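What follows is one structure encoded as structure tokens, with my remarks underneath.
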Amino acid sequence: MPSEGRCWETLQALRSSDKGRLCYYRDWLLRGEDVLEECMSLPKLSSYSGWVVEHVLPHMQENQPVSETLPSSASASALDQPSFVPKSPDTSSAFSPASPATPDGTKGKDESQHTESMVLQSSRGIKVEGCIRMYELAHRMKGAEGLRQWQEEQERKVRALSEMASEQLKRFDEWKELKQHKEYQDLREVMEKSSREALGHQEKLKAEHRHRAKILNLKLREAEQQRVKQVELERLRKEEGQVRLRALYALQEEMLQLSQQLDASEQHKGLLKVDLAAFQTRGNQLCSLISGIIRASSESGCPTAESQAEAERALQEMRDLLMNLGQEITRACEDKRRQDEEEAQVKLQEAQMQQGPEAHKEPPATSQGPGGKQNEDLQVKVQDITMQWYQQLQDASMQCVLTFEGLTNSKDSQAKKIKMDLQKAATIPVSQISTIAGSKLKEIFDKIHSLLSGKPVQSGGRSVSVTLNPQGLDFVQYKLAEKFVKQGEEEVASHHEAAFPIAVVASGIWELHPRVGDLILAHLHKKCPYSVPFYPTFKEGMALEDYQRMLGYQVKDSKVEQQDNFLKRMSGMIRLYAAIIQLRWPYGNRQEIHPHGLNHGWRWLAQILNMEPLSDVTATLLFDFLEVCGNALMKQYQVQFWKMLILIKEDYFPRIEAITSSGQMGSFIRLKQFLEKCLQHKDIPVPKGFLTSSFWRS
């Protein structure tokens, strides 16, 4: 420490001073108590006083003349110089008051008394002794004072040094504590900073981890969605491939059936004017084409839409080929029949000429008017052009049945399931049509239109589409037309107002899908031949039950239905037909004409009036037709229509009345009263249940 060095420098300087070089008795403190006792005791002569008297004083007296001051100076010098004090033990013992050299106590006592007397008698000795004592006392006091001052100085210096050292130690401790505190603060700040940095880095890592985890989760989710999508696409592709493969097999099956039909036409080879081998060759080529498509699809594992479309085109070509061949066969058979009739007519004329003039008599008239006049202007047989139209519709219906014959006769459970789903999807919406709100009617129409357009629709909780089977569209069109006619036969027959909502939906579907309309007419003509109008004739060899079915009667277990029920069904179908020809779907294209409009109603009315009436049937059908469609015909044809009504009243009523028995006059009277009322008021009322604009806003 710096203070310690300065203390040593101070001590060294003190040692080098004049006082520091003086010699001191170091054992004087050991005699301190004796010194104090001497000070406190009574004054007495020292043991040296005798020696002084004997030795010093004589010498001083001898030398007195020389110098007056010598004794005093000598005594002083003797007193000052310790060399004059005898060191001999003999001497000291001789002058000692209690010296052991004394032979006995008496001798010592004498000597002591002698000495004391000497001291008392010698004032100079006393003076010297007093000086000596005073000198010693002063010296001791001076030494004690110096010692005390030195001790105090040393104590003061020690205290100062101690205080300085203590203060320096305190400062050092404070500085050390401050330094430690500062280091601790710096360390704490560094630790806190590093902790904050670590926390920040940790939060950053956590944020990055969350971000990466989020991105990874998104990627995993996208990958999983992509995988699921791929699996779903693969499943759909396989299902679609299986459906297409089944469709190809169905097409091949139908193609083989058509090929067999084509081969079966070999029996008409003699009648045909065309080369049948060309038809058969083309049929074999089409069969080979479909077989090649199926073989290639089986090898690839998944038939493509192009392959299916190519197969469908081949099948359609085969159908057209068979239809053309059928038309050729029909034409050839018709020519053959006509030729046979001509030959038979020629043979009949030759036979009549051989028999004589009796054969030229005319047969009796089949019917007469009220005045006995022959009805030469009426006929029972329908016009040829109408019959051709009727036959074309029936042929188209039969061709449609042959088209989806593979679907209906299939033993495959999947095909049966598809058939049932398609049939439900086609017939259930038609069954739901009634006098309901227009919005509900539009939903039903849209569902039927979507089904016919190839779009999937919901039926029975499952998605159904005609694309599930290549014959699905033909099957749905046929069943839909059949259901419309059946609704007229049952629903309209019981509730006449239902004719209009059913008819407006049928008219809208007919406009968008004309083939459905043709099938509706085919079913209607087959179940109600009077809607042509057509009166089937009985032919030789025909069973009575078959003829009754041709007339429209239902025959079950050789039992024919009651006449009232028969008329009720015919009335319902005629009412549906009369409603169809005057109604159009309100949301369709108004610029296009009605596919089967009022002109066909005018034709039907004119043709039925040109034919002989049937008892109970003609009057019923005329009343139903005029009640439903009379108002529309009146607005369309106006004066011409009124002329036709007058003709019915004046000319046709007598014919109906002439063939009607008394028990069947109900329908005739009802028609007569309705017509007379209309002619009287010169108006035909709007039919009950007719769809107004308010119906479509509901």
Side-chain angles (χ1 to χ4, degrees), residues 326 329-330 333-334 337-338 341 366-367 378-402 405 478-479 481-490 492-493 517-578 600 603-605 607-622 624-625 656 659-661 664 667:
I329 292 174
T330 302
C333 292
E334 188 68 23
R337 183 182 60 79
R338 192 180 300 109
E341 289 179 355
T366 56
S367 63
L378 297 181
Q379 57 187 2
V380 176
K381 186 178 179 181
V382 70
Q383 296 180 1
D384 291 340
I385 187 172
T386 304
M387 193 62 193
Q388 291 178 3
W389 175 58
Y390 165 80
Q391 192 61 45
Q392 288 176 359
L393 292 174
Q394 297 303 316
D395 292 342
S397 177
M398 289 301 298
Q399 184 64 36
C400 183
V401 173
L402 293 175
E405 187 177 8
Y478 186 87
K479 290 298 180 180
E482 183 181 43
K483 184 62 177 178
F484 273 121
V485 176
K486 190 173 182 180
Q487 283 294 99
E489 183 182 8
E490 297 175 356
V492 179
D518 294 340
L519 292 174
I520 289 175
L521 286 177
H523 283 288
L524 185 64
H525 292 170
K526 186 175 182 179
K527 288 191 173 185
C528 179
Y530 313 105
S531 61
V532 178
F534 167 54
Y535 300 160
T537 58
F538 183 79
K539 298 180 180 179
E540 294 182 4
M542 181 183 294
L544 180 60
E545 293 180 359
D546 294 338
Y547 178 66
Q548 289 172 338
R549 289 191 180 94
M550 290 179 64
L551 291 175
Y553 289 91
Q554 290 182 348
V555 182
K556 294 181 180 180
D557 299 331
S558 301
K559 294 181 179 180
V560 183
E561 66 177 328
Q562 297 294 328
Q563 183 70 11
D564 293 341
N565 189 56
F566 166 75
L567 292 176
K568 182 180 180 181
R569 292 190 303 104
M570 297 300 112
S571 173
M573 287 184 279
I574 286 296
R575 283 180 174 273
L576 177 62
Y577 179 70
H600 290 273
R603 178 195 59 80
W604 181 87
L605 187 58
Q607 288 191 2
I608 203 169
L609 294 178
N610 285 328
M611 297 175 67
E612 285 290 343
L614 296 179
S615 175
D616 209 13
V617 175
T618 303
T620 301
L621 298 183
L622 278 175
D624 293 326
F625 185 83
I656 297 175
I659 62 171
T660 303
S661 62
Q664 298 175 339
S667 56

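None of these values were measured; they are calculated from a predicted model.
Between the side chain of Gln394 and the backbone N or O of Ala522, at least one donor-acceptor pair lies under 3.5 Å. With hydrogens and angles ignored, the 3.5 Å screen pairs a side-chain donor or acceptor of Glu561 with a backbone N or O of Gln554.
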side-chain hydrogen bond (donor to acceptor under 3.5 Å, both in side chains) assessment of Gln391 paired with Asp395: CA-CA 6 Å; Gln391 192 61 45; Asp395 292 342; 3.2 Å; yes
Could you walk me through whether Val617 and Met570 satisfy the side-chain contact (heavy atoms from CB on, under 4.5 Å) test, starting with their C-alpha distance in whole Å, then the side-chain angles of each, then the deciding distance to 0.1 Å, before giving a yes or no? CA-CA 9 Å; Val617 175; Met570 297 300 112; 5.8 Å; no
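Interatomic distance, CZ of Arg549 versus NZ of Lys526, reported as 11.0 Å (0.5 Å rounding). Between Leu609 atom CG and Thr618 atom OG1 the span is 9.5 Å, to the nearest 0.5 Å. Between the CG atom of Asp616 and the CZ atom of Phe566 there is a distance of 9.5 Å, given to the nearest 0.5 Å. Rounded to the nearest 0.5 angstrom, Met611 CE and Tyr535 OH are separated by 5.0 Å. Rounded to the nearest 0.5 Å, atoms OG (Ser571) and CG (Leu576) are 11.0 Å apart. With rounding to the nearest 0.5 angstrom, the NE2 atom of His523 is 12.0 Å from the CZ atom of Phe484.
Taking the side chain as every heavy atom from C-beta outward, Met573 and Tyr530 never approach each other to under 4.5 Å. The shortest side-chain heavy-atom distance between Cys400 and Leu519 falls under the 4.5 Å cut-off. Counting heavy atoms from C-beta outward, Val485 and Lys527 have side chains that approach closer than 4.5 Å. Using a 4.5 Å heavy-atom cutoff, the side chains of Leu605 and Leu622 are in contact. A 4.5 Å side-chain heavy-atom check between Gln607 and Thr386 finds at least one atom pair inside the cut-off. Leu551 has its side chain out of reach of Pro529: every pair of non-hydrogen atoms, C-beta onward, lies at least 4.5 Å apart.
The environment of CD in Gln562 is sparse: at most 12 heavy-atom neighbours from other residues, nucleotides or ligands sit within 6.0 Å.
Ring pair Trp604/Phe625: centre-to-centre distance below 6.0 Å.
A salt bridge is absent between Lys486 and Glu489; no separation between the charged side-chain nitrogens and carboxylate oxygens falls under 4.0 Å.
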